[in-house]
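Below is one structure, written out as structure tokens; the observations come after it.
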Amino acid sequence: MFEIEDIREWRGRDVVDVAGSRIGHLEAIYVDTATDRPSFATIRTGMPTRQRLVFAPLEGATVGPEHLRIARPKKEIKNAPAIGTDGELLAGDEQAVFAHYDLPYDAAPDERRLARR
């Protein structure tokens, strides 16, 4: 796994899926609040006038020469929960992000599991 300091330098770089198909550009990294480890990335997708940020898990992700490769298929990522390019992930919406990827979500009702870095 890469360190959060390293991945921040990749903001704006291409993000590709497990097969190498381009998904969009890396926008931000979200860390797990319990471990402070990179957990999810937001990827800027869509047409220039209708862009959104989709969430993709960083588990199994690798960094290439000019891209970040997510270990999931493009279709699964494109159908993931999203926010507007100037929006933020609300605490009540976190569970849907984890559920989309069949990942366990363990957080108390008043706690955040993800924090943007």
Roughly how far, to the nearest 0.5 Å, is [atom2] of [Y] from [atom1] of [X]?
X    : Y   : atom1 : atom2 : value
L114 : D93 : CG    : CG    : 11.0 Å
S21  : I70 : OG    : CD1   : 13.5 Å
L58  : F40 : CG    : CZ    : 8.0 Å

Give a yes or no answer on whether the side chain of [X] reaches the backbone of [Y] with a donor-acceptor pair at less than 3.5 Å.
X    : Y   : result
N79  : K75 : yes
D17  : P73 : no
H100 : A56 : no

Inset, instruction - Verify side chain to side chain contact (heavy atoms under 4.5 Å, CB included) between E111 and T33, making sure each step is shown before the conclusion. - result: CA-CA 9 Å; E111 287 183 347; T33 57; over 6 Å; no
Check [Y] with [X], please: is the shortest side-chain N to carboxylate O separation under 4.0 Å?
X    : Y   : value
E27  : R44 : yes
R117 : D36 : yes
R116 : E88 : no
R22  : D14 : yes

Inset, instruction - State which residue, out of R113, E94, Q95, fulfils the side chain to side chain donor-acceptor pair (under 3.5 Å) condition with Y105. - result: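 Per the side chain to side chain donor-acceptor pair (under 3.5 Å) rule, the option paired with Y105 is E94, out of R113, E94, Q95.
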For a quick test of reading the model, state the closest non-hydrogen atom pair linking [X] to [Y] and the distance between them.
X   : Y   : value
L68 : A61 : CD1-CB, 4.2 Å
T42 : Y30 : CG2-CE1, 3.4 Å
G12 : H25 : O-ND1, 3.1 Å
P38 : I29 : CB-CG2, 4.1 Å

Legend entry - Contact check, side chains of T85 and R52, non-hydrogen atoms, under 4.5 Å: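 They are not in side-chain contact.
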Legend entry - Within one Ile-Leu-Val-Met-Phe-Trp-Tyr cluster: V54 and Y101, side-chain cutoff 4.5 Å: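 Linked within one cluster.
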Legend entry - Hydrophobic cluster identity match, F98 and I83, side-chain contacts under 4.5 Å: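 Yes.
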Legend entry - Partner of R69 under side-chain contact (heavy atoms from CB on, under 4.5 Å), chosen from T62, I23, V63: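 With R69 as partner, T62, I23, V63 yield a single side-chain contact (heavy atoms from CB on, under 4.5 Å), made by T62.
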